[in-house]
Amino acid sequence: MVDAHHHLWDPSVREYPWMAGDALVPIRRRYAVDDLRAVIAGTQVRATVLVQTVSSTAETVEFLEVASDSGGLVAGVVGWADLTAPELPDDRLLVGVRHQVEDEPDPDWLLRADVLRGLRALGERGLVYDLLVRAPQRPAALRVTGELDDVAFVLDHAGKPGIAAGEWEPWASWLAGMAARENVVCKLSGLITEADWATWGVATLRPYVEHVLEVFGPDRVLFGSDWPVCELAGSYADVLDATARVLTGLSADEQANVLGRNAIRVYGLSV
């Protein structure tokens with residue numbers, strides 16, 4: 001297995017604006033690579049992709065050092081870059097770039113001319129762009145993935161459907177539109193924290209997961225734990241168990257694709 005989406009952070013080193021508020025107190029502590037090793041011990045996870053958490057080039061450099069020193073566990077880093085003037089380390093472990101578009105006040109931020117130039121530059125370097133959007137940014141995400149069909153996009157957390165509020169439409173139709181873009185794949189990640197943290201179950205997640213698999217197909221879906229954010233609603237083991245149970249309708253080969261092969265291919269991981 002490859003966990004294609006997890007984080008590490010240390011609030012004593014830098015601030016994490018998205019972590020403000022009482023609800024996030026349980027995860028407002030240091031999470032290091034040794035903590036990652038502890039939660040995957042005894043599982044089938046053999047490699048991971050470490051994903052940015054703040055708009056910081058320093059964090060990206062640190063993550064690349066973590067990956068380099070991890071003995072192959074962290075097989076790739078999705079870092080951060082200022083898309084309006086992207087300057088990126090020339091490092092084989094840098095496999096993609098992400099920005100917290102969901103926090104931009106302008107819902108059309110992705111369509112700005114300077115951002116589009118930066119996205120094209122990423123595509124020219126062969127880097128993947130991870131899309132982190134909520135409902136306000138979804139129309140721009142749909143448009144940009146169509147305009148930049150030579151750039152590879154990974155949709156994080158299935159576009160963050162409002163599971164706790166029972167959202168289906170317009171998310172479901174929008175996701176089908178994203179799946180129609182051949183340059184887009186989707187991460188099966190972060191869904192338990194979009195559901196009610198206290199009451200979610202496999203039955204809650206199943207219709208959303210099944211829709212993701214129906215529109216993207218098992219060759220274009222990647223498993224990610226979203227650890228340690230997931231700890232707000234469940235443990236790493238809970239995420240693995242729920243994922244295994246919602247994938248039971250797939251063949252063994254299809255499950256292998258979702259749980260690892262697709263991540264290796266999309267991110268070009270050496271695993």
Side-chain angles (χ1 to χ4, degrees), residues 3-7 9 16-28 31 39 49 51-54 78 98-104 107 110 130-142 153-179 184-216 220-247 258-259 263:
D3 181 346
H5 195 106
H6 76 89
H7 308 287
W9 56 67
Y16 300 86
W18 60 270
M19 213 181 288
D22 293 344
L24 280 295
V25 168
I27 60 171
R28 199 178 299 143
Y31 287 90
V39 296
V49 176
V51 179
Q52 69 88 221
T53 65
V54 289
V78 174
R98 187 177 84 151
H99 176 73
Q100 272 123 327
V101 179
E102 65 176 353
D103 294 331
E104 288 291 339
L110 282 166
D130 270 44
L131 278 169
L132 181 63
V133 296
R134 289 189 181 274
Q137 301 86 28
R138 288 176 191 162
L142 183 62
F153 291 91
V154 175
L155 178 62
D156 287 352
H157 313 325
K160 292 198 164 186
I163 300 174
E167 180 192 9
W168 187 255
E169 292 293 359
W171 169 79
S173 295
W174 170 81
L175 192 79
M178 291 291 284
V184 181
V185 299
C186 184
K187 277 185 184 172
L188 199 58
S189 60
L191 295 184
I192 70 170
T193 46
E194 295 305 316
D196 185 292
W197 298 353
T199 64
W200 73 273
V202 172
T204 313
L205 306 180
R206 190 177 300 280
Y208 295 90
V209 173
E210 289 180 347
H211 186 60
V212 168
L213 290 168
E214 178 183 357
V215 297
F216 276 96
R220 294 168 60 206
V221 176
L222 288 62
F223 160 74
S225 67
D226 199 28
W227 178 87
V229 178
C230 69
E231 291 193 344
L232 294 167
S235 67
Y236 198 95
D238 290 335
V239 174
L240 290 183
D241 177 67
T243 301
R245 291 168 65 187
V246 294
L247 296 182
V258 172
L259 296 175

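Residues Val239 and Trp227 have side chains not in contact (no heavy-atom distance under 4.5 Å, counting atoms from C-beta outward). Between Cys186 and Arg220 there is no side-chain heavy-atom pair separated by less than 4.5 Å. Side-chain contact check for Leu131 versus Leu110: some heavy-atom pair is nearer than 4.5 Å. Between Leu175 and Leu155 the shortest side-chain heavy-atom distance falls below 4.5 Å.
Under the 3.5 Å distance criterion, the side-chain polar atoms of Trp171 are left unmatched by any main-chain donor or acceptor of Ile163. When atom types are taken as modelled, the side chain of His211 and the backbone of Ala172 share a donor-acceptor pair closer than 3.5 angstrom. Checking side-chain atoms of Gln100 against main-chain N and O of Thr53 turns up a donor-acceptor pair under 3.5 Å. Asp238 contributes a side-chain N or O that, together with a main-chain N or O of Ser235, makes up a donor-acceptor pair within less than 3.5 Å. Counting only distance, with no hydrogens or angles, the side chain of Trp9 and the backbone of Tyr16 share no donor-acceptor pair below 3.5 Å. Judged by distance alone, with hydrogens and angles left aside, the side-chain atoms of Lys187 form a donor-acceptor pair with the main-chain N or O of Ala4 at under 3.5 Å. Using modelled atom types, no side-chain atom of Asp226 and backbone atom of Val229 make a donor-acceptor pair closer than 3.5 Å. At least one donor-acceptor pair closer than 3.5 Å links the side chain of Glu169 to the backbone N or O of Ser173. In terms of modelled atom types and a separation under 3.5 Å, the side chain of Asp130 and the main chain of Arg98 share no donor-acceptor contact.
The distance from the CD atom of Gln52 to the CG atom of Leu132 is 7.5 Å, given to the nearest 0.5 Å. Once rounded to the nearest 0.5 Å, the distance linking OH of Tyr236 with NE2 of His6 reads 7.5 Å. For the atom pair Asp241 CG and Thr243 OG1, the distance stands at 8.5 Å (nearest 0.5 Å). Between the CG atom of Leu222 and the CG atom of Asp3 there is a distance of 10.5 Å, given to the nearest 0.5 Å. Note that the CG atom of Leu24 and the CH2 atom of Trp18 stand 6.0 Å from one another [nearest 0.5 Å]. Atom CG of residue Leu205 and atom CD of residue Glu210 lie 11.0 Å apart, to the nearest 0.5 angstrom.
Nearest heavy-atom pair across Val215 and Ala179 is O-CB, 3.3 Å. For the pair Pro107 and Pro136, the tightest heavy-atom approach, listed with the atom from each and the gap, is CB-O, 3.4 Å. Nearest heavy-atom pair, Ser189 versus His157, reported as atom, atom and distance to 0.1 Å: OG-ND1, 2.7 Å. Of all heavy-atom pairs spanning Phe216 and Met178, the tightest one is CZ-C, 4.1 Å. Of all heavy-atom pairs spanning Gly234 and Ile192, the tightest one is N-CD1, 3.8 Å. Across Leu213 and Leu247, no two heavy atoms sit closer than the pair CD1-CD2, 3.9 Å.
The residues Glu167 and Arg134 are annotated as not salt-bridged, no charged nitrogen and carboxylate oxygen being separated by less than 4.0 angstrom.
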Margin query: Trp200 vs Thr193, test: side-chain contact (heavy atoms from CB on, under 4.5 Å). Steps then yes/no.
Written below: CA-CA 9 Å; Trp200 73 273; Thr193 46; over 6 Å; no
